2 protein chains.
Amino acid sequence: MTQVFTSRDVARIAGVSQSTVSYVMTGKRPISEETRKRVQTAIEQLTYQPNAGARALASRRTRVIGLVVPFGEVSDPMGLLPFLETITECARAVDYDVLLVTANEGASALTRLGGRSLCDAIVLMDIEARDPRIPVIAALRVPVILIGVPDDADGLSCVDLDFTEAGRLAVGELVAAGHHRIAVIGYPPDVVSRELNYVARFQRGVDAAVTAAGVESHLVQPLERTRSGARAAVAAALEAAGEDCGLVVPNTVAVPHVLRALAAAGRRPGRDVSVVGVCTDAAAESMEPAVTNVSLEPRDVSRRAMRTLFALLDPDVGGPPPSGVELVVPRLTRRETTGGGATP
Amino acid sequence: MTQVFTSRDVARIAGVSQSTVSYVMTGKRPISEETRKRVQTAIEQLTYQPNAGARALASRRTRVIGLVVPFGEVSDPMGLLPFLETITECARAVDYDVLLVTANEGASALTRLGGRSLCDAIVLMDIEARDPRIPVIAALRVPVILIGVPDDADGLSCVDLDFTEAGRLAVGELVAAGHHRIAVIGYPPDVVSRELNYVARFQRGVDAAVTAAGVESHLVQPLERTRSGARAAVAAALEAAGEDCGLVVPNTVAVPHVLRALAAAGRRPGRDVSVVGVCTDAAAESMEPAVTNVSLEPRDVSRRAMRTLFALLDPDVGGPPPSGVELVVPRLTRRETTGGGATP
DNA sequence: TTGAAAGCGATACCAC
DNA sequence: GTGGTATCGCTTTCAA
């Protein structure tokens, strides 16, 4: 139980005023090398650390980022971790901390974070097309960055994967593998009903690429997230698009189920049929066989989001805050489930 | 950009003193129904929320729990989520927030959280046998709860799964399934080298049960976390303990690999061999075939940890803080990978 | 049952 | 370059 010291203790020991200690800590005014050294010594001697509450009160800056996480509401829970990890890393890199809030608090989480001055800025994940939390953002005193894009993004800062491009990439790979008929295993009903608009954006990319390549595509949906659901969806896909079609599976958890269903149907991925999954690289690599995938780039998305958020916090440094929608380009990695053919 | 109001605004509108507003909010002294109502009305009218920093400064309580999470350092990243989710839920249930810190900050995370008064208490996950963070805990001004048990737990509050019992349960199930020869696929080398003492505790339970049942057991290790690693380990296990042995796989990520390796070796889990995994129920159910498992009970462990932590924070309510080591009993669920036999 | 006022521990303005 | 001091918004004694 070490005693806790204040800046006054430091000042006393260093033989300076309390304000000087403050200025040494913040660097907000020039200090002679002489006194800075004395103060530093005192700080180390006492292992002084500034009281966060007092600092927040006086400076009106908490140095905390609020992070609203959709625990349990997201289709692929595993996919959350790289976001959390990258966001906290980015925050700590500039001496910010992260306050973790669950999305099931709804909009009240935002008013609480803002109203109580618990944080300087907010990261909001998993944005629905007409997210009920959007309207309260405008009334907040803190900047908010959305990971995901609502239907009306006016005046909001959003970062997300470019799902349209993801759709194009997936189709491109299948076309390059020689498929003329493509089936998209749609998102499961619970995802669709949540109205996450990346579903439509992805499909738009698929459609564009399909039209451009002059091939044929079928949308099989909805797929329930069960073994039998996967089997039914795969059967429907093979029926609609043919036994030797190319399959797009834009859903991490569905991919292994689809692979199993294909195996059960006697179709060999990468030989008889091709499969492109939309999932993180880690997930794609761990599957059997390893899946050609369009990556979700959670780390890039997170980094971009934090970059923009800090630009919003300090409008002076780093140029003008990139308001609007920022899209991160996805990356296709060919693995075992798509055969040869030209590089897309 | 709504203006932000203070308790003085509330006081002015309600026609009372600022301290009365404070007492209405905290309930720390009796207030007449009359004035309480006036204050409440004013609070709602202004949608007043107390400033967290000011409150922390004056009360010396932040109402924040620091949570140190081992991102990336843990063998099964997926396993982290139920901990995070349950811990934040428990905290919010009593109007606490959670500050997320990564374990890679090491011991300095603790001194920072404590020194800056960023939180009132700390949850430390993924404790190593001789965790370098343990020594600094004693010097902290805030209570700490460990999820996991170090070698020397003197004066510390720890909560963890009862891994010894987990080992017993696993062996019991295999013995009940009629196996006289048992193989344990050991933890992968990186886990072992981290000296997490649950590895030894689990093995102790296995040994005890093996001795008690008068059967034979073999420890196959280390298992690398690759497909070929799994294949080699399974081959070694079948060689050592026989083609019809019972397998214990105390590692979530290894289980699916082992299942595949068994299939490749022409052994059918639940028929030719039995398999008991140590993993969360969610993971066990999602595998093919569904695996008989001893659960890790992350939610129970988290709840116990938070219960104890709050007891540590308010020693008055809820009886004496249960200092020492609390073990949560694991639960075995029979699924498809262990055949019939008597209930263990 | 209520109010006045002294802190809590920083920041940042105003002097010098 | 440095020091004094008002101030941030709340909690909590001390008085009434």
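Note that the coordinates shown come from a computational prediction; the quantities given were computed from them, not determined experimentally. Order of the sequence lines sets the chain letters (A, B, ...), proteins ahead of strands, with each chain counted from 1.
- Note on the helix from dT1(C)-dA16(D) to dC16(C)-dG1(D): angle between the axes of the first and last five pairs equals 40°, rounded to 10 degrees.
- Val16(B) comes within 4.0 angstrom of sugar-phosphate atoms only, judged by non-hydrogen atoms across all strands, and of no base.
- Taking the charged nitrogens against the carboxylate oxygens, Arg133(A) and Glu128(A) have no contact shorter than 4.0 Å, which rules out a salt bridge.
- When each of Ser17(B) and Thr6(A) is assigned the nucleotide of DNA chain C with its nearest heavy atom, Ser17(B) is the one assigned upstream, toward the 5' end.
- Near DNA chain D, defined here as any heavy-atom distance below 4.0 Å, the residues from residues 37-61 of chain A are Leu57(A), Ala58(A), Arg60(A), listed numerically.
- Note on Ser22(B): every side-chain N or O is 4.0 Å or more away from OP1 and OP2 of dC10(D).
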Side-chain donor-acceptor pairs of residues 63-70 of chain B under 3.5 Å, sequence neighbours excluded:
| residue | atom | partner | partner atom | Å |
| --- | --- | --- | --- | --- |
| Arg63(B) | NE | Asp95(B) | O | 3.1 |
| Arg63(B) | NH2 | Val94(B) | O | 2.9 |

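- Side-chain N/O atoms of Lys28(B) include none lying less than 4.0 angstrom from OP1 or OP2 on dT11(D).
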N/O donor-acceptor pairs under 3.5 Å from side chains in residues 144-161 of chain B, not counting sequence neighbours:
| residue | atom | partner | partner atom | Å |
| --- | --- | --- | --- | --- |
| Asp152(B) | OD1 | Asp154(B) | N | 3.0 |
| Asp160(B) | OD2 | Arg201(B) | NH1 | 3.1 |
| Asp160(B) | OD2 | Arg201(B) | NH2 | 3.3 |

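- Just one residue in the list Ile43(A), Val39(A), Val10(A), Thr20(A) forms a side-chain contact (heavy atoms from CB on, under 4.5 Å) with Met25(A), and that residue is Ile43(A).
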What's touching nucleotides 13-16 of chain D from the protein side, N or O pairs under 3.5 Å?
| residue | atom | partner | partner atom | Å |
| --- | --- | --- | --- | --- |
| dT13(D) | O4 | Tyr23(B) | OH | 3.4 |

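- Note that the first and last nucleotides of DNA chain C, 5' to 3', having any atom under 4.0 angstrom from a heavy atom of chain A are dG9(C) to dC14(C).
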